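Following: one structure in structure tokens, then a few remarks.
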Amino acid sequence: MKVIEQEIATLKNSVSEMWSLVHQQIYNAGEAMLTGDKELAYKVINRERRVNAFELKIDSDCEDIIALYAPVAIDLRFVLAMYKINTNLERLGDFAESIARFTCNLPDKEPIDPQLIKETHVEEMLEELLNMISLAQEAFDKESSEIASRIFIKDNLIDEINHSSTAIIAHYIEKHPESALAGLYMAGIIRKMERFGDHCTNIAEELIFYLEAKVMKHMDKAEKEASH
């Protein structure tokens, strides 16, 4: 095996490890939010440092491969894609930490009202987001642009829940003024989840760029879906 092939294999393993870590962070942050488990939330916050350390290592590895081995064609596309995917994964890690901090800021022994969770469909939103990141990782592991393209369709549901949430939360606060703070926090979390979906679609775009040399960055969703 050539040295560059070894370096690329090592880089792929590092990105895969970070992917798994970020997925676990988001899952734990979501569980903490839905159940009011502050101990689990603090665990997410403490592990954020590992995500940041991974990001710095992967960035450095990408830069070293380009500087030392001058990769071309698919190898170059792979390294460039990993560099951008790494940034998106780190931002997803930040998102998990912000959900955990939201949970820590809730009053003791007072989890979010289950009615608010049900009406905003935030649990379905979280489940769909975890599905998106799993799908992206599967596309990465199997080197499949067809699997990556499915993420664009899933993002539509995230957008729908986000768009309907403002009126739902406003109505909830009107009926439960004592829970206004929780309602406002939930509105912020849903906005972050919508951005999470955008980061997942960014990752899908980078995977397709690496595998097919196709740039999808400025296509609208209909064009992306039609291209596969």
Side-chain angles (χ1 to χ4, degrees), residues 22-45 48 51 87-136 150-205 218-225:
V22 167
H23 186 279
Q24 190 63 49
Q25 284 283 88
I26 293 163
Y27 177 82
N28 287 346
E31 282 294 295
M33 177 185 68
L34 295 171
T35 62
D37 187 340
K38 294 195 176 187
E39 190 176 330
L40 184 58
Y42 283 121
K43 180 181 176 183
V44 171
I45 292 166
E48 168 65 8
V51 176
T87 299
N88 281 284
L89 288 174
E90 191 275 333
R91 287 177 182 164
L92 295 178
D94 288 345
F95 161 81
E97 183 192 23
S98 68
I99 291 184
R101 290 194 183 279
F102 157 71
T103 303
C104 292
N105 288 332
L106 288 172
D108 287 335
K109 298 179 181 177
E110 196 177 309
I112 304 168
D113 184 351
Q115 184 188 342
L116 181 60
I117 289 172
K118 183 179 179 182
E119 288 179 2
T120 55
H121 300 284
V122 73
E123 195 165 0
E124 294 97 311
M125 195 179 199
L126 185 63
E127 189 177 329
E128 196 67 10
L129 290 169
L130 287 166
N131 286 340
M132 286 173 78
I133 198 168
S134 294
L135 202 58
R150 290 185 218 158
I151 293 165
F152 303 135
I153 299 167
K154 285 187 170 290
D155 192 44
N156 293 334
L157 176 62
I158 305 300
D159 290 341
E160 285 170 20
I161 294 173
N162 176 50
H163 290 149
S164 62
S165 66
T166 302
I168 291 168
I169 291 170
H171 182 64
Y172 175 85
I173 292 173
E174 192 178 350
K175 287 172 63 181
H176 306 276
E178 74 284 357
S179 299
L181 187 60
L184 292 171
Y185 270 133
M186 181 62 78
I189 291 297
I190 288 171
R191 298 294 174 279
K192 287 181 186 295
M193 286 188 177
E194 194 272 333
R195 289 293 300 132
F196 178 116
D198 290 342
H199 288 305
C200 287
T201 58
N202 290 346
I203 289 170
E205 288 171 8
H218 295 295
M219 289 185 187
D220 62 29
K221 286 184 182 178
E223 289 175 311
K224 289 174 186 174
E225 290 167 20

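Because the structure is predicted, anything quoted here is derived from the model rather than measured. Count residues from 1 along the sequence.
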Measure the CG-CG distance between N28 and L40 for me, rounded to the nearest 0.5 Å. 4.5 Å
Any idea which heavy atoms bring A41 and A32 closest together, and the distance? N-CB, 3.8 Å
According to salt bridge (charged side-chain N to carboxylate O under 4.0 Å, His left out), who are the partners of R91, at least two apart in sequence or on a separate chain? none
Can you find a pair of side-chain heavy atoms, one from I190 and one from S165, that are under 4.5 Å apart? yes
The criterion is side-chain hydrogen bond (donor to acceptor under 3.5 Å, both in side chains); which residues satisfy it with N202, sequence neighbours excluded? N88
Nearest heavy-atom neighbours spanning M33 and F102: CG-CE2, 3.5 Å
Mind checking ring pair (Phe, Tyr, Trp, His ring centres under 6.0 Å) for H176 and listing every partner two or more places apart, or none if nothing turns up? Y172
Chi angles and distances behind the side chain to side chain contact (heavy atoms under 4.5 Å, CB included) call for R150, I153: CA-CA 6 Å; R150 290 185 218 158; I153 299 167; 5.5 Å; no
Does the side chain of T103 come within less than 4.5 Å of D37's, by heavy atoms? no
Quick one: list whatever passes salt bridge (charged side-chain N to carboxylate O under 4.0 Å, His left out) with E97, sequence neighbours left out. R101
On a heavy-atom basis, the closest approach of A29 and A100 is CB-N, 4.4 Å
Let me confirm one number: the CG-CZ distance from D94 to R195, rounded to the nearest 0.5 Å. 12.0 Å
Any idea which heavy atoms bring L116 and I112 closest together, and the distance? CD2-CG2, 4.0 Å
Check the pair Q25 / K43 against side chain to side chain contact (heavy atoms under 4.5 Å, CB included), numbers first and verdict last. CA-CA 9 Å; Q25 284 283 88; K43 180 181 176 183; 5.9 Å; no
From I173 atom CD1 to M186 atom CE, the distance as rounded to the nearest 0.5 Å: 11.0 Å
In residues 125-136, what donor-acceptor pairs under 3.5 Å come from side-chain atoms, sequence neighbours left out?
from	atom 1	to	atom 2	distance (Å)
E128	OE2	K154	NZ	3.2
N131	ND2	E127	O	3.4
S134	OG	H23	NE2	3.1
S134	OG	L130	O	3.0

Could you grab the distance from atom CG of L34 to atom CD1 of I117, nearest 0.5 Å is fine? 5.0 Å
Test: salt bridge (Lys or Arg N to Asp or Glu O under 4.0 Å). Region: residues 117-126. Which pairs qualify, not counting sequence neighbours? none
Do you know which two heavy atoms are closest between I189 and F95, and how far apart they sit? O-CE1, 4.4 Å
Check C104 against I45 and note the closest heavy-atom contact, atom names and distance. SG-CD1, 3.9 Å
Within the 4.5 Å heavy-atom criterion, are V22 and I26 side-chain neighbours or not? yes
Do side-chain atoms of H163 reach the backbone of D159 as a donor and acceptor pair under 3.5 angstrom? yes
Side chains of H171 and K175: closer than 4.5 Å at any heavy-atom pair? yes
Given side chains that start at C-beta, do those of L92 and V51 come closer than 4.5 Å, heavy atoms only? no
